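In what follows, a structure is listed as structure tokens, so that the remarks can point back to it.
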Amino acid sequence: MATAARSATSQIEETVARFAETAQRAQEAGFDGVEIHAAHGYLLSQFLSPLTNRRTDQWG
């Protein structure tokens, strides 16, 4: 697996906002919920795993 570049706090906050906006749009379109894929080395998985998330800030 490739090593991910460290995201700036502003980039993380923008990503969180995009997830929220997307969920809001799904709700407005009549969906009951959303499923977030957080496995197999994708972005959220990297934040959840102590093997890949070596941050020492609020996102670690």
Side-chain angles (χ1 to χ4, degrees):
M1 182 182 308
T3 302
R6 182 180 172 102
S7 297
T9 297
S10 61
Q11 291 172 308
I12 296 169
E13 290 169 349
E14 178 63 28
T15 300
V16 170
R18 288 181 184 177
F19 271 95
E21 180 182 343
T22 301
Q24 179 66 36
R25 288 181 182 201
Q27 183 180 37
E28 291 169 0
F31 288 90
D32 294 326
V34 295
E35 181 175 352
I36 298 174
H37 184 72
H40 304 109
Y42 291 103
L43 179 64
L44 295 180
S45 173
Q46 292 177 17
F47 274 96
L48 295 173
S49 173
L51 298 176
T52 54
N53 187 351
R54 307 284 175 123
R55 297 178 73 105
T56 58
D57 61 6
Q58 67 191 48
W59 303 105

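Fair warning: this is a prediction, and the values are worked out from it, not measured in the lab.
For the pair Trp59 and Phe47, the tightest heavy-atom approach, listed with the atom from each and the gap, is O-CD2, 3.7 Å. The shortest non-hydrogen separation linking Leu44 to Ala38 is CB-CB, 3.7 Å. Here the closest non-hydrogen pair linking Asn53 and Gln46 is CB-O, 3.2 Å.
For Phe19, there are no ring-ring contact (aromatic ring centres under 6.0 Å, His included) partners at least two apart in sequence or on another chain.
In this structure the side chain of Val34 never reaches within 4.5 angstrom of the side chain of Thr22, judged on heavy atoms.
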task: Let me see the working for Thr15 and Leu43 under side-chain contact (heavy atoms from CB on, under 4.5 Å), right down to the final yes or no.
output: CA-CA 10 Å; Thr15 300; Leu43 179 64; 3.9 Å; yes
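Here OG of Ser7 is found 6.5 Å from CZ of Arg55. Values are rounded to the nearest 0.5 Å.
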